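Remarks on the structure that follows.
In this text, all values refer to a predicted model and were calculated from it rather than measured experimentally. We count residues from 1, following the sequence as given.
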Amino acid sequence: QIQLVESGGGLVQPGGSLRLSCAGSGRSFANYAVGWFRQAPGKEREFVAAIKWSGGGSYYADSVKGRYTLSKDYAKNTVILQMERLKPEDTAVYYCAAGFGLITSRIRGKSEYDYWGQGTQVSVSS
């Protein structure tokens with residue numbers, strides 16, 4: 001079992017930045033992919049970005065590519081999502097999730113993930 005806790009959400013003006021963290025406890029992220037998804041009111045939960053903890057690359061939705069960056073803090077078993085040049089359409093509840101042994105072709109599918117956090121609200125508004 002992995003317990004996931006997101007933090008770092010809030011209200012920011014368009015063009016601003018936020019840094020979200022996903023801390024895992026219970027076991028290491030080793031051999032897991034950690035993904036971020038978001039859900040806006042009235043919309044489906046959608047893929048944002050994902051990273052393979054034990055090597056591999058990072059993957060981003062086209063809508064956030066070049067603005068969002070993933071990184072790993074091995075000492076804290078934490079994945080960080082740095083979000084830059086935020087837009088009003090980025091407003092959503094952001095969830096992190098962990099999926100064991102995900103291959104690249106499955107890493108964008110929300111049904112592929114085993115564990116989910118409770119979500120953190122990101123609001124972009126002037």
Side-chain angles (χ1 to χ4, degrees):
Q1 282 269 359
I2 294 181
Q3 291 78 44
L4 302 173
V5 177
E6 303 98 334
S7 60
L11 173 64
V12 64
Q13 292 188 342
S17 303
L18 278 176
R19 187 171 181 262
L20 304 184
S21 294
C22 174
S25 62
R27 64 184 304 169
S28 166
F29 281 143
N31 299 314
Y32 279 81
V34 178
W36 285 92
F37 293 78
R38 65 186 182 187
Q39 188 166 17
K43 293 190 174 182
E44 293 281 326
R45 191 171 298 190
E46 65 175 4
F47 172 80
V48 175
I51 193 166
K52 294 182 180 180
W53 187 259
S54 304
S58 301
Y59 309 86
Y60 299 92
D62 288 343
S63 58
V64 307
K65 200 172 293 182
R67 299 189 297 123
Y68 289 16
T69 305
L70 284 166
S71 60
K72 295 175 275 190
D73 185 333
Y74 289 101
K76 296 181 180 179
N77 207 46
T78 295
V79 170
I80 296 160
L81 181 65
Q82 181 67 40
M83 306 185 295
E84 308 283 351
R85 302 195 305 279
L86 284 160
K87 306 175 182 180
E89 51 263 44
D90 294 318
T91 295
V93 177
Y94 282 68
Y95 298 89
C96 74
F100 183 78
L102 291 185
I103 58 175
T104 302
S105 61
R106 295 178 182 258
I107 209 164
R108 297 169 187 264
K110 57 182 179 291
S111 63
E112 303 291 342
Y113 288 79
D114 306 302
Y115 304 104
W116 290 83
Q118 82 289 349
T120 185
Q121 177 71 46
V122 170
S123 299
V124 185
S125 174
S126 54

Show the numbers, then the answer: is there a side chain to side chain contact (heavy atoms under 4.5 Å, CB included) between W36 and E6? CA-CA 10 Å; W36 285 92; E6 303 98 334; 3.9 Å; yes
Side chain to side chain contact (heavy atoms under 4.5 Å, CB included) between V64 and R38, intermediate numbers included: CA-CA 12 Å; V64 307; R38 65 186 182 187; 4.0 Å; yes
Please walk me through it: do D90 and M83 pass side chain to side chain contact (heavy atoms under 4.5 Å, CB included)? CA-CA 10 Å; D90 294 318; M83 306 185 295; over 6 Å; no
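Put simply, CG on L86 and OG on S125 are 12.0 Å apart, with the number rounded to the nearest 0.5 Å.
Contacts of S17 classified as side chain to side chain donor-acceptor pair (under 3.5 Å), with partners at least two apart in sequence or in another chain: E84. Scanning for ring-ring contact (aromatic ring centres under 6.0 Å, His included) contacts around Y113 gives F37, with sequence neighbours left out.
K52 has its side chain out of reach of L102: every pair of non-hydrogen atoms, C-beta onward, lies at least 4.5 Å apart. When side chains are defined from C-beta on, Y95 counts as touching R45, because their heavy atoms get closer than 4.5 Å. Contact annotation: the side chain of Q121 never approaches that of L11 to less than 4.5 Å [non-hydrogen atoms, C-beta and beyond]. When side chains are defined from C-beta on, V79 does not count as touching C96, because their heavy atoms never get closer than 4.5 Å.
Note on Y59 and Y94: separate hydrophobic clusters, where clusters join Ile, Leu, Val, Met, Phe, Trp and Tyr whose side-chain heavy atoms are under 4.5 Å apart, directly or indirectly.
Side-chain atoms of R67 do not come within 3.5 Å of backbone N or O of Q82 as any donor-acceptor pair. Between the side chain of S126 and the backbone N or O of Q13, no donor-acceptor pair lies under 3.5 Å. T78 places no side-chain N or O within donor-acceptor distance of the main-chain N or O of S21, the cut-off being under 3.5 Å.
With I2 as reference, Y32 is the one residue of Y32, W116, F100 to meet the side-chain contact (heavy atoms from CB on, under 4.5 Å) rule.
Between A50 and I107 the shortest heavy-atom distance is CB-CG1, 3.7 Å. Residue R27 comes nearest to N77 through the heavy atom pair O-ND2, 3.3 Å, listed as atom of the first residue, atom of the second, then distance.
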